[in-house]
Number of protein chains: 2
Amino acid sequence: MEAAAVAVAGSVTPFSGATITRPRPMLREVSRAMAQCSTCSLQQHCVPVGLDMEAARLLDRIVTSRIRLRKRDVLIRPGQPFTALYAIRSGSCKTVLIAEDGNDQVSGYHIAGEIIGADGIATARHDCQAVALEDAEVCVLPFERIEQLARNDSRVQATLHRLLSSEISREHNLMLMLGTMRAHQRLASYLLDLSQRYGSRGYSSSEFMLRMTREEIGSYLGLELETVSRLFSRFHREGLIQVQARLVKLLDRIALKQLVAASA
Amino acid sequence: MEAAAVAVAGSVTPFSGATITRPRPMLREVSRAMAQCSTCSLQQHCVPVGLDMEAARLLDRIVTSRIRLRKRDVLIRPGQPFTALYAIRSGSCKTVLIAEDGNDQVSGYHIAGEIIGADGIATARHDCQAVALEDAEVCVLPFERIEQLARNDSRVQATLHRLLSSEISREHNLMLMLGTMRAHQRLASYLLDLSQRYGSRGYSSSEFMLRMTREEIGSYLGLELETVSRLFSRFHREGLIQVQARLVKLLDRIALKQLVAASA
DNA sequence: CGCCGTCTTGACGAATCTCAAATAAAGTGG
DNA sequence: CCACTTTATTTGAGATTCGTCAAGACGGCG
């Protein structure tokens, strides 16, 4: 009785930031039996963070289903009615802002444990697009249920508020980066951010795979793809990192941090 | 029993983005009797927007006090414990993000009817500074009360969620601007945004006073103050606006919009 | 094996920043 | 209210960063 959250088609749209070249099938809803926060291995990184077992059980009532995404599948499209938040269970997504004039910008890179879709609440429509960067799985959190549960339990309520507010803080950091940093500082900052996020999830914090193209990274950082490429080469040449296509290894984290902090 | 929200000192801090040259007295709390959403003239623009009379009365229980600010008074300082949101009743404020390295950036310009402080929820501490750009008055909305009321009334809850989400959307727009626009487009975009916001509050949408310096505007737009100044001169020369110090008059709104929309 | 999307690198130019100096406006104390 | 001090704004000239255009290399997939 509530497949609404999965009303996400898969065909090409005029919005599409990614170059989708072939029609895609509907996104597939996965058995809801498996969607349980209380037994999920991501508990410490996802919505339930900080909640005790009892509260985590409450969340089991929210997560009604999961969606499997293949690389380039579109999870959210701009203008789409807002019904749910999505928690990434595995894989990664980018979010893309698309202005009326066609201007677009990658506004986020999201990995397991992170939540997307909060932009849609105010207007009841999403204003960004979300696309899988690799095969991924997301949990669907119907917003009505969240609100209902939040009214009945202050822990759930606090979790929701924390979640919305941290999206605001995340964007604050991005704005600081876009508004005050030089190209090389932005890239260094991006690499350190990835490192920190992978590290806190138990992946290597010094060696990882970039899931976005140079162009997408550039868009995210407010730069052209050539600038990103040149900076990767320069960092490599200067011994700060080792980079081979999408595989990056941080060699001198301290120097990277100094780059970011340097006022000039 | 709850003066906590007013625990805001006024002396010089190492953070201070504005150049405050003298010590300032404590911010003054104003009689709480007057703070009533249900009779406030800003109802259509502030928190109560969209609520009926009955729901607006609920908000009266939230707004416990008001604070008067003089120009340059600091309402929120970074790191300060989060206790409340603030609704601007009159006057205007800027919010400033401050990085550890001292890097700072104006992240918002807020006028009557707008809410500030939502960044603090996630970490229980504010991460931005809020400073009055002119004499102003703000309503204090203790967050505990908001949450309590939101649990009991879904209209209040929805209002809160809408409010947090629109802050996210506001920042999305800023990011698009910082990440994809040229200097002249950013300024045109800023002027149109001011125009729209003043207009919707019953002020003139074509003639208004800038409350920020060229430097603050530059910081907000990710530009140097000289660039801002030159652009004001250029827009004036080209007949798009008339500008005399802080007083701006929009002469050709269509051309300004075209500037913003132009892809190159 | 060849195509296509991605990435790298170079050369050049435009946009923007930096530094500097003059002018205008605002704030301060008498 | 005036004279003085400080802050804000404008404008110019030169330096720098980054974007644009172009060509070729790389690599994965059919």
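Numbered from 1 within each chain, the chains take letters A, B, ... in sequence-line order.
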Aromatic contact, Y190(A) with Y220(A) (centres under 6.0 Å): yes
Is the distance from OP1 or OP2 of [N] to the nearest side-chain N or O of [X] less than 4.0 Å?
X: R246(A); N: dC7(C); result: yes
X: Q244(B); N: dA25(C); result: yes
X: T227(A); N: dG19(D); result: yes
X: R182(B); N: dC18(D); result: no

Spacing between L178(A) atom CG and dT16(C) atom P, to the nearest angstrom: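 These atoms are roughly 15 Å apart.
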Whole-Å gap separating C1' (dG28(D)) and CE (M209(A)):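 Atom CE in M209(A) sits about 13 Å away from atom C1' in dG28(D).
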Donor-acceptor pair under 3.5 Å, R230(A) side chain vs dT20(D) base: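 Result: at least one qualifying N/O pair found.
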Side-chain donor/acceptor contact of E226(B) with base of dC19(C) under 3.5 Å: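 Answer yes: a donor N or O sits under 3.5 Å from an acceptor.
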DNA chain D: 5'-proximal contact among R214(B) and A183(A) (nearest heavy atom): R214(B)
T213(A) side chain, from C-beta outward: closest of dA8(D), dC17(C), dT6(C): dT6(C)
Mind checking [X] for me? I need base, sugar-phosphate or nothing, with any heavy atom below 4.0 Å counting as a touch.
X: S229(A); result: base
X: G222(A); result: sugar-phosphate
X: L223(B); result: sugar-phosphate

Flag side-chain contact, heavy atom, 4.5 Å: L75(B) against I67(B): yes
Min side-chain heavy-atom separation M175(A)-R170(A) under 4.5 Å: no
Separation between OH of Y86(A) and CD1 of I116(A), rounded to the nearest 0.5 Å: 8.5 Å
